Student: 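Following this message is one structure expressed as structure tokens.
Remember, it's a predicted structure, so these values are computed and weren't measured experimentally.
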Amino acid sequence: MDYCSSCSRTLNGALVCPGCGDYAPDIDSQEYANLRDNGFRDYSLRVDGLVDKPVTLSYEHLKAMPKQEQTTQHYCIQGWSGVAKWGGVPMREIVKLVQPSPKARFAVFYSFASGSEGGVYYDAHKIEHMQHHLTILAYEMNGEPLNELHGAPLRLRNELELGFKQVKWIRAIEFVESFSHLGAGQGGYNEDHEFYGYRMPI
């Protein structure tokens, strides 16, 4: 039985959670559908922007990198929380690989999914958080590969931030000096559309 990764309610096969409205990627996205149907064997993660060594990493390459497992608590801005065990690549390994420029102040995570009002879902995170020992790109949850609803093939776990900033279905990562040119310039899709404000830390 599937449960919502945001509010833990039973889904009963639904792609949109009846509790919190969390959703899977646009099922009309042929690119995502092709990747999913092939077990994400053709998935690749682009990491670029203000870095010395931009890279494109295959799914197998990501899984061959040093793996970290952690059991952490997920905090929602709505007031609830939940616990899960995550496994994936520490972001500090990605940082080491691409070597961000001294000008880079934020890492922007772009999703395959669209936001609730259209447009690409994204979120910006402080570059300092990318070196934190509990910030990972997760490809496993509770010992199993991520499923579609939980963010397959790759989702962010930045344990210094609230749940809405844990981007799912990651398509690319860009290191930037400022996020003012992205969306409405507030630092993320939810911040742009739901007036959370850029900094809503735990």
Student: Looking at Ala184 and Tyr122, what are the two nearest heavy atoms and their distance?
Tutor: N-OH, 4.4 Å

Student: Nearest heavy-atom pair of Ala84 and Met141: which atoms, and what distance?
Tutor: CB-CE, 4.0 Å

Student: Grab the two heavy atoms, one from Gln68 and one from Pro90, that are nearest each other, plus how far apart they are.
Tutor: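 Residues Gln68 and Pro90, closest heavy atoms: OE1-CG, 3.6 Å.
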
Student: Quick one: do Val55 and Leu50 end up in the same hydrophobic cluster if we chain Ile, Leu, Val, Met, Phe, Trp and Tyr together by side-chain heavy atoms under 4.5 Å apart?
Tutor: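 No, because Val55 and Leu50 fall into different hydrophobic clusters, even though each may have its own neighbours under 4.5 Å.
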
Student: Might you point out which heavy atoms bring Gln166 and Asn158 nearest each other, and give the distance in Å?
Tutor: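 Scanning both residues, the minimum pair turns out to be OE1-N, 2.7 Å.
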
Student: At what distance, to the nearest 0.5 angstrom, does CD1 of Ile170 lie from CG of Asp123?
Tutor: 10.5 Å

Student: When rounded to the nearest 0.5 angstrom, what is the spacing between CG in Asn147 and CZ in Arg36?
Tutor: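 So the gap between those two atoms works out to 11.5 Å.
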
Student: Quick test of your reading of the model: are Lys165 and Glu191 salt-bridged, counting only N-O distances below 4.0 Å?
Tutor: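 Looking at Lys165 and Glu191, the cut-off is met.
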
Student: Applying the side chain to side chain contact (heavy atoms under 4.5 Å, CB included) criterion to Glu140, which one of Lys67, His150, Lys63 satisfies it?
Tutor: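 One option only clears the test, and that one is Lys67.
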
Student: Rounded to the nearest 0.5 Å, what's the gap from OG on Ser114 to CH2 on Trp169? Could you check?
Tutor: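 Output value for this atom pair is 10.5 Å.
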
Student: Over all heavy atoms of both residues, which pair between Glu159 and Thr72 is shortest? Give the atoms and the distance, please.
Tutor: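 Where Glu159 meets Thr72 most closely, the heavy atoms are OE2-OG1, 3.0 Å.
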
Student: Got a second to check how far Leu137's CG is from Ile173's CD1, nearest 0.5 Å?
Tutor: 5.0 Å

Student: Counting C-beta onward and ignoring hydrogens, is there a side-chain heavy-atom pair between Thr135 and Leu156 closer than 4.5 Å?
Tutor: yes

Student: Please confirm whether Phe40 and Tyr32 have ring centers closer than 6.0 angstrom.
Tutor: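 Ring-ring flag for Phe40/Tyr32: true, centres closer than 6.0 Å.
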
Student: Got a donor-acceptor contact below 3.5 angstrom from the Asp192 side chain to the Gln186 backbone?
Tutor: yes

Student: Within a strict 4.5 Å, meaning less than it, do heavy atoms of the Tyr139 and Tyr43 side chains meet?
Tutor: no

Student: So for atom CZ, which belongs to Arg92, do other residues, nucleotides or ligands contribute more than 12 heavy atoms lying within a distance under 6.0 Å?
Tutor: yes

Student: Among Phe109, Phe175, Phe106, find the one that has a ring pair (Phe, Tyr, Trp, His ring centres under 6.0 Å) with His125.
Tutor: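 So the option named by the test is Phe109.
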
Student: Hey, any chance Leu45 and Val95 share a hydrophobic cluster, counting ILVMFWY side chains that come within less than 4.5 Å of each other, even indirectly?
Tutor: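 Hydrophobic grouping puts Leu45 with Val95.
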
Student: So Met65 and Ile94, do their side chains get closer than 4.5 Å, heavy atoms only?
Tutor: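 Touching, per the 4.5 Å side-chain cut-off.
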
Student: Measure the OG-CD distance between Ser44 and Glu60 for me, rounded to the nearest 0.5 Å.
Tutor: 12.5 Å

Student: Calculate, to the nearest 0.5 Å, the distance between atoms OH and CG belonging to Tyr59 and Leu35 respectively.
Tutor: 11.0 Å

Student: If only atom types and distance count, is the side chain of Asp48 paired as donor or acceptor with the main-chain N or O of Glu174 below 3.5 Å?
Tutor: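 Flag not set: sc Asp48 to bb Glu174 has no pair under 3.5 Å.
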
Student: Can you confirm whether Ser178 sits close enough to Val176 that some side-chain heavy atom of one is under 4.5 Å from a side-chain heavy atom of the other?
Tutor: no

Student: Do the non-hydrogen side-chain atoms of Leu57 and Leu97 ever get within less than 4.5 Å of each other?
Tutor: yes

Student: Quick check on the hydrophobic clustering: are Ile127 and Val167 connected, directly or via other members, by side-chain heavy-atom contacts under 4.5 Å?
Tutor: yes

Student: How far apart are the closest heavy atoms of Lys168 and Ser111, and which atoms are they?
Tutor: O-OG, 2.8 Å

Student: State, with a plain yes or no, whether a side-chain heavy atom of Trp86 is found less than 4.5 Å away from one of Leu146.
Tutor: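 Yes, close enough: below the 4.5 Å cut-off.
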
